[in-house]
Protein chains: 2
Amino acid sequence: MSQSTSNRRVTAADIARSLGISRATVGFVLNETPGQTISEATRSRVLDEAKRLGYRPHIAARALASGRTRIVLLVLPDWPLDFNLRRNIEEASLALDEAGYALITYTPHPTGLSRPLWETLQPDVVMSMAAFAPGVAESIRASGVTRLIPDPEMPVADEYSEDGPVLQLQHLFDLGHRSIAFAGSADPRVADLVELRRQRAGEAAESLGLPPLRFADIELTDASAAAAIHDWRSSGVTAVAAYNDDVAASLVGAALRAGISVPRELSVVGHDDTPLASMFEPRLSTIHMNTVGLGRYLAALALSAVEERPVPSAGPELQLAVVPRDSSAPAPL
Amino acid sequence: MSQSTSNRRVTAADIARSLGISRATVGFVLNETPGQTISEATRSRVLDEAKRLGYRPHIAARALASGRTRIVLLVLPDWPLDFNLRRNIEEASLALDEAGYALITYTPHPTGLSRPLWETLQPDVVMSMAAFAPGVAESIRASGVTRLIPDPEMPVADEYSEDGPVLQLQHLFDLGHRSIAFAGSADPRVADLVELRRQRAGEAAESLGLPPLRFADIELTDASAAAAIHDWRSSGVTAVAAYNDDVAASLVGAALRAGISVPRELSVVGHDDTPLASMFEPRLSTIHMNTVGLGRYLAALALSAVEERPVPSAGPELQLAVVPRDSSAPAPL
DNA sequence: TTGGGGAACTAGCGCGCGCAAGTCCCGCGA
DNA sequence: TCGCGGGACTTGCGCGCGCTAGTTCCCCAA
């Protein structure tokens, strides 16, 4: 089963020799090379012998001969991935597996001191869930990788409409709140997304006939939450839509410490439905996201870039829902 | 600078041809092959020409010829990594970079449906921060990787003494608590670590002259926290050492919902000092861990397995400290 | 003057595989 | 009977690199 008596690795040539046939035939069988006709008898003999000897193709040799590493590198942001995203990555991994590709996830180190993996791995495709940060696409190209997803050269319309903030506003509006603030994050890594969500929240407020939103960026580790709350309270704000659950938790904590009751005096809605949201006390109302089929979509995208496959037509479906918990309640009179 | 006019990739042979020297010489220069003497003039000509042509070694070819992929696979647990650990991984990545190896982090998918990366990447070394789960080491071996760290065949004394629970107990003891419970996690993925910490807590209690600890395993998503607290309270427990911050948060939340004041009536200490601990309200007292030099140590370990390098003598230094916050206070009278 | 030795190179094999181009033979239609 | 179309293979090159086993030349000691 496993390795033979010698500790040399088993090669396709070993199978051929042991069966008294040519190496090419073995290769054709193992790769199911299209356009080659192999008798069923030979086919099964090869397969059996391969299993018996414990044959395992040498990926470096294959990569050298075929000119492709069959590696797809997925660049991930450096914040913790939520469960939904992780499941989608597994889904992508599975789909690529079936096509003979390996998905490797990679979070570039913030300091940028170590060599990026796209240089050392020479993957066939480098993909990312968001646009590549400035300079990154160039770095990838310079390392010889030609297939980037999304390709900065041909910018597609943004895949997702950020509708979470709209749901936050609607939820608070339905509870009777009319003076609402938006709390962003001061973390520069997520500045773009914060700005996007803030804008969507602003639009939602306008279409609900509310006055322009007040807003502030919250730093999780300092007193900025307390300051923002003090500021907002003094101008009559009764509810806050937060950029994410961490910010929401920070706000609620600051409010409680300031003696402000949540949700009776102040409602707060988070975003992303992280584990934190359900563990916090009071449990945080938030927005749950579920991107059904994202993984399969990513895999199909990668395969279409690297083989003769069609670009997937239908993108993943984004499901959003308000999760009402204990941090939001009807507006005080 | 970058690729030449043709879009064929630049090879070492191109450099040789363009310089009118042999491929071998080029190889010797680029690899600084020991035992080869190359004139300084030739050396710099090769280096210059390589840069001019934008030469980039073909890793698959190199792997094929040398018989090693120069890949180190680091298997990570599937829970979010804290900042300290991430920094250590970067440190390891950097050290391996310098030695010409690439560090790839990998979190096996819980379902186990997709092919593990050690099969598809054929790394030189597979390492893990904890012992390999049952069956995993066998799977790695079966894929042809011979260098595992830690090697299950030669079990070393456990690298780290789990002293966090000792600090938790000491902290609570210092605050006057004499009836203390330990809260584990019902998550089977961390069962071993839970058990280890529970034992250490038990030993600490004994050496402090306390009665045996009561304990329960908490499920984050259900009512087990409330049940445990109710149980403990009725038998006079005034403080809880929790396996980690998530469990601590769960307990504090349940206590507050049950009308039990934290920390006045019940003290809770977490473990790991995750962001959650500082964001929670009340902010959680916890144990902060800092493993100085872990990254360099891991890198040295990997290199010693794969090259003629000495096994690092000194392991990383583990720094532990109690972070007293608002979830622990002097015992009620 | 000779020859030993080392500095500075070159020739070329082999790593394991994919695949293009050939070879052989058998069956079948004219 | 001949030819011809494929089915079922085989031969062998080339991918790019590491590295062993040379080869050449020159310097210096005997």
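Computed from a predicted structure; not experimentally measured. Each chain gets a letter, A, B and so on, in the order the sequences are listed, and its residues count up from 1.
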Q: Pairs in or reaching into residues 293-306 of chain A: which pass salt bridge (Lys or Arg N to Asp or Glu O under 4.0 Å), with residues at least two apart or in two chains?
A: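 Qualifying pairs: A/Glu91-A/Arg296.
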Q: Do any pairs count as a side chain to side chain donor-acceptor pair (under 3.5 Å) and have a residue in residues 128-139 of chain B, sequence neighbours left out, and if so which ones?
A: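 Every side chain to side chain donor-acceptor pair (under 3.5 Å) pair that includes a residue of residues 128-139 of chain B, provided the two are not neighbours, is B/Trp118-B/Ser139.
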Q: Tell me the salt bridge (Lys or Arg N to Asp or Glu O under 4.0 Å) pairs involving residues 58-73 of chain B, sequence neighbours left out?
A: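 Of all non-adjacent pairs touching residues 58-73 of chain B, those that pass salt bridge (Lys or Arg N to Asp or Glu O under 4.0 Å) are B/Arg70-B/Glu307.
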Q: Could you list by number each residue of residues 14-22 of chain A showing a heavy-atom separation from DNA chain D of less than 4.0 Å, or answer none if no residue does?
A: A/Ile21, A/Ser22
Q: Under the salt bridge (Lys or Arg N to Asp or Glu O under 4.0 Å) rule, what pairs show up with a residue in residues 34-43 of chain A, not counting sequence neighbours?
A: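 Salt bridge (Lys or Arg N to Asp or Glu O under 4.0 Å) check on residues 34-43 of chain A returns A/Glu40-A/Arg43.
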Q: Suppose we screen for side chain to side chain contact (heavy atoms under 4.5 Å, CB included). Which residues come up paired with B/Leu94, at least two apart in sequence or across chains?
A: A/Leu113, A/Ser114
Q: Hey, could you give me each pair passing salt bridge (Lys or Arg N to Asp or Glu O under 4.0 Å) that has a residue in residues 104-130 of chain B? Not counting sequence neighbours.
A: B/Arg115-B/Glu119
Q: Which residues satisfy the side chain to side chain donor-acceptor pair (under 3.5 Å) test with A/Ser304, sequence neighbours excluded?
A: none
Q: Closer to the 5' end of DNA chain C via nearest nucleotide, is it A/Ala60 or B/Ile38?
A: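 The 5'-side residue here is B/Ile38.
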Q: Would you mind reading off the bend of the helix from C/dT1-D/dA30 to C/dA30-D/dT1 from its two end axes, five pairs each, to 10 degrees?
A: 60°
Q: Could you tell me whether a side-chain N or O of B/Asp97 sits under 3.5 Å from a main-chain N or O of B/Ala102, the two making a donor and an acceptor?
A: no
Q: Can you tell me how far CG of B/Asn290 sits from CG of B/Leu85, rounded to the nearest 0.5 angstrom?
A: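 That separation rounds to 11.0 Å.
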Q: Is it true that A/Arg141 and A/Asp151 have a side-chain N and a carboxylate O under 4.0 angstrom from each other?
A: yes
Q: Determine which pairs satisfy side chain to side chain donor-acceptor pair (under 3.5 Å) with at least one residue from residues 27-39 of chain B, sequence neighbours left out, and list them in order.
A: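 For residues 27-39 of chain B, and leaving out neighbouring residues, the side chain to side chain donor-acceptor pair (under 3.5 Å) pairs sorted by first residue read B/Ser39-B/Thr42.
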Q: So how far is it from B/Leu121 CG to B/Ile71 CD1, rounded to the nearest 0.5 Å?
A: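 It comes to 5.0 Å.
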Q: With the threshold set at 4.0 Å, does a side-chain nitrogen-carboxylate oxygen contact exist between B/Arg9 and B/Asp14?
A: no
Q: Would you tabulate the nitrogen or oxygen pairs shorter than 3.5 Å linking the protein to nucleotides 18-23 of chain D?
A:
from: D/dG18; atom 1: OP1; to: B/Asn31; atom 2: OD1; distance (Å): 3.3
from: D/dG18; atom 1: OP1; to: B/Arg62; atom 2: NE; distance (Å): 3.1
from: D/dG18; atom 1: OP2; to: B/Asn31; atom 2: ND2; distance (Å): 3.0
from: D/dG18; atom 1: N7; to: B/Arg23; atom 2: NH2; distance (Å): 3.2
from: D/dG18; atom 1: O6; to: B/Arg23; atom 2: NH1; distance (Å): 3.3

Q: Could you check whether B/Thr37 gets within reach of a base, just the sugar-phosphate, or nothing at all, counting any heavy atom under 4.0 Å?
A: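 Since a base atom lies under 4.0 Å of B/Thr37, the category is base.
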Q: Reading DNA chain C from 5' to 3', where do the contacts with chain B start and stop? Cut-off is 4.0 Å to heavy atoms.
A: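 Reading along DNA chain C, I get C/dA7 to C/dG16.
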